[in-house]
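To start, the structure itself, in structure tokens.
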Amino acid sequence: MPRSLIVGSPEHKELFCQFFLDTHVAFDPATMHWPEIDEDSLKRLHSLPMWNEAVATERATARVIQTWVPFETDAVIRQAIALQGYEEARHAAIIEELTTHYGIPVSPAPLPPAPADPEWAFMRLGYSECFDAFFTFALFAIARDSGFFPAVLVEKFEPVMQEEARHILFFANWEAYRQAQRPLWQRPRQTWRGALGRVLQVWQRVQGALDARANKDFTMKGHQSMRMDITPRRFLELCLAENAQRLDRYDARLLRPRLVPTIAQALCKLLP
Ligand SMILES: [Fe+2]
Ligand SMILES: [Fe+2]
């Protein structure tokens with residue numbers, strides 16, 4: 001990877017903010033065209049139990065980001081983060097448009113209060129996006145290729161997936177830039193906070209998976225209903241391939257999220 005760029009330099013900031021602003025795609029969910037779908041597909045859409053949670057999560061994500069915006073002291077970074085908040089609110093709006101069009105009733109949980117520590121909330125959100133996106137890209141590919149949902153409908157969410165790729169790329173660079181900008185005496189604290197954020201993220205997901213196992217929740221049912229005949233190693237390989245496919249299209253000088261892909265690569269070597 002060409003590394004003529006110094007992390008924490010004004011050029012680095014310019015690059016990761018400009019990449020983010022330049023690759024934003026303008027569209028209005030209210031004017032999206034929703035295709036006619038057959039009866040079976042409609043039933044399948046209605047039977048998915050995650051609509052309330054999806055809307056609530058996207059809204060809460062937007063709130064965390066928007067709460068951090070006024071605290072960001074740099075004008076260009078602030079502009080990029082405000083745009084990310086807008087995109088997350090738009091994700092919620094897209095799902096709401098879909099559910100309205102196909103007559104799926106949704107009553108998402110009310111928005112949680114604004115976080116008390118906006119910086120920590122923004123950082124934890126960034127780690128969680130990096131973690132989730134790694135797997136979500138592969139699950140999206142499986143859903144797309146399985147024919148479980150009509151292709152015309154899956155297509156509508158392709159821009160959302162690519163926006164998540166932009167978000168994690170932006171966050172990986174924002175975090176490294178911020179760390180480099182701090183005075184030396186503050187850096188250990190920042191490093192520990194970052195490590196703690198990652199560990200908490202993994203812990204939360206492991207707990208989620210255990211709960212899912214206990215409750216046989218929708219993720220498991222979702223896999224079954226999509227007939228996910230795939231070995232763990234093949235799944236991780238797909239995650240790595242989908243991540244590369246989504247992130248490789250951006251400037252190679254930008255830092256990439258590393259933790260989860262590195263663990264996945266190691267696991268691929270160990271798993272049968
Ligand atoms: Fe989102
Ligand atoms: Fe996102």
Side-chain angles (χ1 to χ4, degrees), residues 1-27 61-91 114-115 117-134 137 159-198 201 243-262:
M1 187 191 293
R3 205 15 74 69
S4 51
L5 196 73
I6 298 167
V7 171
S9 65
E11 294 75 31
H12 179 219
K13 180 189 81 178
E14 202 56 41
L15 186 71
F16 75 79
C17 291
Q18 214 49 55
F19 125 78
F20 192 76
L21 297 168
D22 289 348
T23 52
H24 170 72
V25 180
F27 68 90
T61 302
R63 145 102 23 132
V64 167
I65 297 167
Q66 284 155 356
T67 307
W68 171 244
V69 171
F71 292 95
E72 180 58 69
T73 50
D74 184 279
V76 191
I77 301 180
R78 195 165 56 239
Q79 193 190 352
I81 294 179
L83 184 63
Q84 190 194 346
Y86 165 77
E87 289 178 0
E88 293 295 3
R90 191 166 65 174
H91 293 172
D117 183 345
E119 185 190 20
W120 179 229
F122 181 71
M123 285 176 67
R124 282 207 62 190
L125 178 76
Y127 298 128
S128 96
E129 286 212 303
C130 289
F131 188 92
D132 292 345
F134 181 77
F137 296 155
V160 174
M161 285 297 120
Q162 200 52 40
E163 275 172 7
E164 292 306 344
R166 287 168 54 254
H167 294 173
I168 63 172
L169 194 51
F170 177 84
F171 178 76
N173 284 273
W174 173 86
E175 198 216 8
Y177 176 83
R178 205 170 161 75
Q179 167 81 342
Q181 286 287 304
R182 294 212 182 242
L184 277 174
W185 60 271
Q186 275 188 10
R187 287 190 199 174
R189 179 176 173 267
Q190 181 76 0
T191 305
W192 280 111
R193 245 190 158 188
L196 179 63
R198 289 181 177 90
Q201 192 48 48
N243 268 263
Q245 190 269 113
R246 292 204 178 269
L247 294 175
D248 282 358
R249 57 186 89 173
Y250 303 114
D251 197 310
R253 290 170 299 167
L254 291 165
L255 301 171
R256 265 64 182 165
R258 276 178 322 207
L259 181 71
V260 188
T262 306

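No side-chain heavy atom of Asn173 sits under 4.5 Å from any side-chain heavy atom of Phe19. Put simply, the side chain of Phe20 reaches to within 4.5 Å of the side chain of Gln84, judged on heavy atoms. Between His12 and Gln181, the closest side-chain pair of non-hydrogen atoms is not below 4.5 Å.
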Verify ring pair (Phe, Tyr, Trp, His ring centres under 6.0 Å) between His167 and Phe171, making sure each step is shown before the conclusion. CA-CA 6 Å; His167 294 173; Phe171 178 76; over 10 Å; no
Side chain to side chain contact (heavy atoms under 4.5 Å, CB included) between Glu164 and Glu88, worked out: CA-CA 9 Å; Glu164 292 306 344; Glu88 293 295 3; 3.6 Å; yes
Arg166 vs His24, test: side chain to side chain contact (heavy atoms under 4.5 Å, CB included). Steps then yes/no. CA-CA 9 Å; Arg166 287 168 54 254; His24 170 72; 3.8 Å; yes
Stepwise side chain to side chain contact (heavy atoms under 4.5 Å, CB included) check, Phe170 with Ile81: CA-CA 9 Å; Phe170 177 84; Ile81 294 179; 3.6 Å; yes
Begin from the C-alpha positions of Leu254 and Arg256 and carry the test side chain to side chain contact (heavy atoms under 4.5 Å, CB included) through to its verdict. CA-CA 6 Å; Leu254 291 165; Arg256 265 64 182 165; 3.6 Å; yes
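Scanning both residues, Ala165 and Leu247, for their nearest heavy atoms gives O-CD2, 3.5 Å. Residues Ala62 and Gly85 share a closest heavy-atom pair of CB-O, 3.8 Å. The shortest non-hydrogen separation linking Cys17 to Val76 is CB-CG1, 3.5 Å. Taking all atoms of both residues into account, the shortest heavy-atom contact from Pro115 to Ala121 is CB-CB, 3.5 Å. Nearest heavy atom pair, residue Val7 against residue Ala180, reads O-CB, 3.7 Å.
Salt bridge annotation for Arg253-Glu11: absent, with no cationic side-chain nitrogen under 4.0 angstrom from a carboxylate oxygen.
Going from atom OG1 of Thr73 over to atom CZ of Arg78 covers 7.5 Å, rounded to the nearest 0.5 Å. Taking CG of Asp117 as the reference point, atom CE of Met123 lies at 9.5 Å (rounded to 0.5 Å). Here the straight-line distance linking atom CD of Glu129 with atom OG1 of Thr61 works out to 6.5 Å at 0.5 Å rounding. Note that CG of Asp22 is 11.0 Å distant from CG of Asp251, once rounded to the nearest 0.5 Å. Tyr177 contributes atom OH, which lies 4.5 Å from atom NZ of Lys13 (distance to the nearest 0.5 angstrom). Note that the CG atom of Leu21 and the CZ atom of Phe16 stand 10.5 Å from one another [nearest 0.5 Å].
In this structure, Trp68 and Trp174 have perpendicular ring planes: the angle between them is above 60°, well past the 30° mark.
Residues that satisfy the side chain to side chain contact (heavy atoms under 4.5 Å, CB included) test with Ala133, not counting sequence neighbours, are Phe137, Ile168.
Within a 6.0 Å sphere centred on CZ of Arg249, heavy atoms belonging to other residues, nucleotides or ligands number more than 12.
Remark: the backbone N or O of Phe27 is paired with a side-chain donor or acceptor of Arg90 at under 3.5 angstrom. Judged purely by atom type and a 3.5 angstrom limit, Arg246 has no side-chain atom pairing as donor or acceptor with the backbone of Ala244.
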